Participant: 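Below is the structure I would like to discuss, written out as structure tokens.
So that the names make sense, note that chain A is the first sequence line, chain B the second, and so on, each numbered from 1. Bear in mind that the values here come from a model prediction, so they are computed numbers and not experimental data.
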Amino acid sequence: MTHYLDQLNDVQKQAVLQKDGPMIIIAGAGSGKTRVLTYRIAHLMKNDVDPFNILSLTFTNKAAREMKSRIASVVGQSEAKNLWMGTFHSVFARILRSESEKIGFPSNFTIYDTQDSVRLLTAIIKELQLEKDKYKAKQVLGRISQYKNSLITVRAYYNSPELLEADKLSGRPQMGKIYKEYVDRCFKAGAMDFDDLLLRTNELLTRFPVVLAKYQDRFRYIMVDEYQDTNHSQYLIVRALADRYQNICVVGDDSQSIYSFRGANIQNILNFQKDYDDVKIFKLEQNYRSSKVIVEAANSVIEKNKTKLDKEIWTANAEGERVIVMRTYSEGDEGRFVADSIFENKMQNQLTNDVFTVLYRTNAQSRAIEDALRKKDIKYRIYGGLSFYQRKEIKDTLAYLRLLVNPNDEEALKRVINYPARGIGQTTIDKLTVAANHYKKSIFDILLNLELVDLKINSGTKIKLENFANMIRSFQIEMESKNAFEITDAVLKKTRLIKDIELEGTPEAISRVENVQELLNGIKDFIEVQKEKEEEASLSYFLEDVALATDFDNEKDDIPRVSLMTIHLSKGLEFPYVFIVGLEENLFPSAMSMNTRSEIEEERRLFYVAITRAEKQVFLSYAQSRYRWGKLIDCEPSRFLEEIDEKYLKYITPKKSIVQSNKFIDQNIFDDIPQHKIRFKKPVQRVIQKSKARKNDSIKNEPPKNLKKLTTTITGKDKTNLFDNNLTVGNIVEHAKFGRGEVIHLEGNGNNKKAEIKFESGNTKKLLLQFAKLNIIA
DNA sequence: TTTTCAAGAATTTTT
DNA sequence: TTCTTGAAAA
């Protein structure tokens, strides 16, 4: 086997060999950054640095796992095991577990995910009787997140005239009150949100010099990956920990900073040299990933940004295919283009699905792509969006487990106190909350002391509450003798949660039951893996893992699939063929990020990231019209398309079109869109060449047939539209719930069309055809 | 208290 | 178009 140092180029080698002192590695896209990081760590270990003394912070758990296994292959499994490696959130959550009591949190503190936070804020806003239109929980959370990431505590907030003024101006003068209540409630519940994991770590390190010294001494060598996307809170943690030994190595690429919306501060990387003395700089500029065309096309884009560090990315790789640009009529067409291209490429080049990825700006765009892939029977996997652990049935199950571990967890309690339904309604919960706030206790404490507080609830409800509390307590006792898997199983049986889902009897219910089973399997796996690693397999640790898990962490070996994800999620990944869809103004760049130069620059970096994921070829596409909230809107091509040097592009026109619309599509509606003429009339110049070159004879200058279109739409969409047209008075229909009946009257139009039906049971009902799933019997 | 239906909002990006 | 929310009915 060749020595690992021989697998590196000069700069890479220097970076690996640089052992001590502050250093920064500016790593262009595809420049072998991970390789340098892993070998650097391996090299440290080979040179007498104890793995216990190395801290490596990555952007995702997946990156940490991969790096760890690559290091293990150089230095051996048992050595690599002791490395501290993970995301900021997971590493410091782990540290907080052992230190949290110093700052008033129990060691079994809960981690609130975004949904928990939003729910809590919604409750608080309601309790404070604020207008919920002014105070939208999500926005309020975003604001609080900003404070926390900038280390602005409630007190600091009230001491800052600027912040008070800013919130007043934006119509939210009560932000301080909400912020305070939110922090207090989290504290009382023994819960930390994502931002708290960093904020409280900072608190711990600042307030307790002994603790700081302990971890400074422990982490003698610190590495931070994706440094361009660290926020202020993370920045301070790193500074504090590195202060003693100054062995800090940060890696990143300012051109790939794409997380400013969640507080990432690009200045952290731009100013690194000012923060430490005698910083060594390494620039990895050779790209090993992508073809020349891709590297240079990407360069031509990022050049347009003013704020950036000086570097020149180049590659020795082959020229490669040009970037394909595809104009389509609609999102449906765009999807078909993607599916067709994947299909063609697979056939021509004997490829499997997993070499393709489709990237988009917003999650909502995935649907059209999914539909098209499904029609072509191409298997795919979506990353992000609603992840496994965010599904209702999973969150419900987990909420029980959370409550067992930490009965003060308010959000978990509110989630399950009446699920499955046990007759404890909103009014009762409100009363409990008021009492809990009044006595400064958790709701569970109130439940345990019902006779001491006068809640003005009737005795029936009181018994229900007592039963619930007793059930939770008995689980807690059981938990002492059972492992995580057994206790979960017991909870599911006792609460009849699965039975409750099955009761719905729908096909979706079946898959939801399967999800819960899957969760059980997951717990079993977790126990086994932890045993292998000789680590604790407690329920508490499992819940922590789950709270910080991302979609990538739940990946199963399966058949090869096309990957679908947002560009943000694709950071750090690479794929041979990359489709970037929806290159339209207001979508990409997003309408929300077109106000300032820096916002546009971030969007451009996002585009840069997207292009540079590709090894072999990039496909860009945009639609001329797109559905938004059920309405068809016209779209303009993205400015980014013009920013790519044209010599790297190849324009393709659609072969044929199926315009998916409920509306009667008249050719004329395209007339005010000049590009459209390419399609039916004369193509503009650069398109002529391409269509000639491709012998694209499938363009027959033939307007789409309206009749056909309509049929396609109807059969392709839900069938109720069909009934809408066909149903007449006198029809005998069957309804899933109510059984058979006769249509005795029709009213309304389109989506509002209703049928009055006399059922065999004798009941007469008015049903909206849009929703009612009726089968026509006669 | 629970269920049902109609009206209204909703789309950046995520640990 | 689809999801969430709120009021009214059961």
Side-chain angles (χ1 to χ4, degrees), chain A residues 57-63 86-93 111-115 117-118 122 126 132-133 136-138 141-142 145 148-149 192-198 226 229-231 233-234 258-264 331 359-368 383-387 390 418 421-429 458 460-461 464 547-553 565-571 582 586-594 599 602-603 605-606 609-610 626-633 660-662 717-718 737 751-752 754 765-768 770-772:
Chain A
L57 296 165
T58 55
F59 199 70
T60 62
N61 297 310
K62 188 187 174 207
T87 62
F88 273 92
H89 291 86
S90 64
V91 166
F92 295 111
I111 298 173
Y112 274 178
D113 68 9
T114 308
Q115 204 183 353
S117 299
V118 168
T122 310
K126 199 168 154 197
K132 64 169 190 235
D133 295 335
K136 297 204 171 126
K138 265 190 197 158
L141 179 64
S145 177
K148 287 186 175 177
N149 286 328
M192 297 199 199
D193 65 17
F194 288 135
D195 303 316
D196 283 330
L197 294 175
L198 307 174
E226 307 283 8
D229 281 322
T230 50
N231 62 34
S233 196
Q234 293 168 321
I258 55 175
Y259 278 98
S260 72
F261 70 91
R262 69 173 210 217
E331 54 197 327
L359 305 180
Y360 33 78
R361 179 66 235 270
T362 66
N363 280 306
Q365 288 167 260
S366 71
R367 173 163 295 160
Y383 294 85
L386 191 66
S387 82
Q390 285 166 350
N418 195 35
R422 47 177 77 87
I424 303 171
Q426 193 55 51
T427 327
T428 311
I429 295 172
N458 65 44
T461 312
K464 287 171 188 164
L548 299 175
T550 61
D551 228 9
F552 290 115
D553 302 324
M565 67 186 86
T566 62
I567 302 170
H568 282 90
L569 273 182
S570 76
K571 192 172 77 161
N586 296 321
L587 183 58
F588 191 17
S590 157
M592 322 291 280
S593 311
M594 310 215 310
E599 280 178 343
E602 176 144 328
E603 293 286 305
R605 289 193 293 267
L606 199 52
V609 167
R626 191 174 283 279
Y627 275 103
R628 222 176 156 190
W629 301 335
K631 276 202 202 103
L632 198 64
I633 54 154
Q660 296 212 338
S661 164
N662 290 330
K717 296 280 169 175
D718 67 24
K737 232 188 210 159
N751 285 348
N752 281 322
K754 289 173 208 161
K765 296 212 186 279
K766 253 185 208 175
L767 299 168
L768 265 177
Q770 184 186 181
F771 298 114

Participant: Judged by each residue's nearest nucleotide on DNA chain B, which is more toward the 5′ side, L548(A) or I424(A)?
Facilitator: I424(A)
Participant: What nucleotide, of dT11(B), dT1(B), dT13(B), holds the atom closest to the side chain of H568(A)?
Facilitator: dT13(B)
Participant: Tell me: CG of N586(A) to C1' of dA10(B), nearest whole Å?
Facilitator: 16 Å
Participant: Check whether any side-chain N or O of N61(A) sits under 3.5 Å from a backbone N or O of L548(A) as a donor-acceptor pair, and report yes or no.
Facilitator: yes
Participant: Which nucleotide sits closest to the side chain of N418(A): dT11(B), dT15(B), dT2(B)?
Facilitator: dT2(B)
Participant: Is there a donor-acceptor pair under 3.5 Å between the side chain of T122(A) and the backbone N or O of V118(A)?
Facilitator: yes
Participant: Out of dT11(B), dT1(B), dT12(B), which has the shortest distance to the side chain of K138(A)?
Facilitator: dT11(B)
Participant: What is the distance from atom NE2 of H89(A) to atom CZ of F194(A), rounded to the nearest 0.5 Å?
Facilitator: 7.0 Å
Participant: Taking only the side-chain heavy atoms of H89(A) (C-beta and beyond), determine which of dT15(B), dT1(B), dT11(B) contains the nearest atom.
Facilitator: dT15(B)
Participant: Side chain of T427(A) only, heavy atoms from C-beta on: which candidate in dT15(B), dT1(B), dT11(B) is closest?
Facilitator: dT1(B)
Participant: Output the rounded distance in Å from CD (Q390(A)) to P (dC3(C)).
Facilitator: 15 Å
Participant: Considering all heavy atoms of both residues, which atom of N418(A) and which atom of G423(A) are nearest to each other, and what is their separation?
Facilitator: OD1-N, 3.2 Å
Participant: For DNA chain B, please output the secondary structure as dot-bracket, reading 5' to 3'. Pairs are Watson-Crick or G-U wobble, both atom distances under 3.5 Å; mark crossing pairs with [ ], other-strand partners with |, unpaired with a dot.
Facilitator: ||||||||||.....
Participant: State whether N363(A) places a side-chain N or O below 4.0 Å from either non-bridging phosphate oxygen (OP1 or OP2) of dT13(B).
Facilitator: yes
Participant: Between dT2(C), dA10(B), dT14(B), which nucleotide gets closest to the side-chain atoms of L569(A)?
Facilitator: dT14(B)
Participant: Of the candidate nucleotides dT11(B), dT12(B), dT14(B), which contains the atom at the shortest distance from the side chain of Y259(A)?
Facilitator: dT14(B)
Participant: From the list dT14(B), dT11(B), dA10(B), which nucleotide is the closest neighbour of the side chain of A364(A)?
Facilitator: dT11(B)
Participant: Separation of L197(A) atom CG from dT14(B) atom P, in whole Å?
Facilitator: 19 Å
Participant: Measure CG/L198(A) against C1'/dT15(B) and give the value in whole Å, please.
Facilitator: 8 Å
Participant: Measure the distance from CD1 on I258(A) to C1' on dT15(B) and round it to the nearest whole Å.
Facilitator: 13 Å
Participant: Between K464(A) and S593(A), which has a closest nucleotide on DNA chain B that is more 5'?
Facilitator: K464(A)
Participant: Identify whether any heavy atom of R626(A) sits under 4.0 Å from a base atom; if not, whether one sits that close to sugar-phosphate; answer base, sugar-phosphate or nothing.
Facilitator: nothing
Participant: Could you list the residues that satisfy side chain to side chain donor-acceptor pair (under 3.5 Å) with E602(A), not counting sequence neighbours?
Facilitator: S260(A), R605(A)
Participant: Please name the pair of heavy atoms, one in L197(A) and one in F92(A), separated by the smallest distance, quoted to 0.1 Å.
Facilitator: O-CB, 4.2 Å
Participant: Quick check: do N231(A) and L198(A) have side-chain heavy atoms less than 4.5 Å from each other?
Facilitator: yes
Participant: With a 4.0 Å cut-off on N to O distance, would you call R361(A) and E603(A) a salt bridge?
Facilitator: yes
Participant: Below 3.5 Å is the cut-off: list the nitrogen or oxygen pairs between protein and nucleotides 7-10 of chain C, distance only.
Facilitator:
none

Participant: Choosing from dT15(B), dT11(B), dT14(B), which nucleotide comes nearest the side chain of T566(A)?
Facilitator: dT14(B)
Participant: Out of curiosity, E226(A) CD to I258(A) CD1, how far, rounded to the nearest 0.5 Å?
Facilitator: 8.0 Å
Participant: Y383(A) has an atom OH; how far is it from atom P of dT14(B), in whole Å?
Facilitator: 15 Å
Participant: What interatomic distance, in whole Å, is found between P of dT4(C) and the corresponding atom of dT13(B)?
Facilitator: 15 Å
Participant: Flag as yes if F261(A) stacks onto the base of dT14(B) (centroids under 5.5 Å, planes under 30°), otherwise no.
Facilitator: no
Participant: Quickly work out the R628(A) CZ to dT1(C) P distance and round it to whole Å.
Facilitator: 17 Å
Participant: Any heavy-atom pair between the side chains of Y360(A) and I567(A) that's under 4.5 Å?
Facilitator: no
Participant: When you get a sec, tell me which of dT15(B), dA10(B), dT1(B) is the closest nucleotide to the side chain of T114(A)?
Facilitator: dT15(B)
Participant: Nearest-Å distance, NZ (K136(A)) to P (dG8(B))?
Facilitator: 15 Å
Participant: Once you measure the plane-to-plane angle for F59(A) and Y259(A), does it fall in the parallel (<30°), tilted (30-60°) or perpendicular (>60°) bin?
Facilitator: tilted
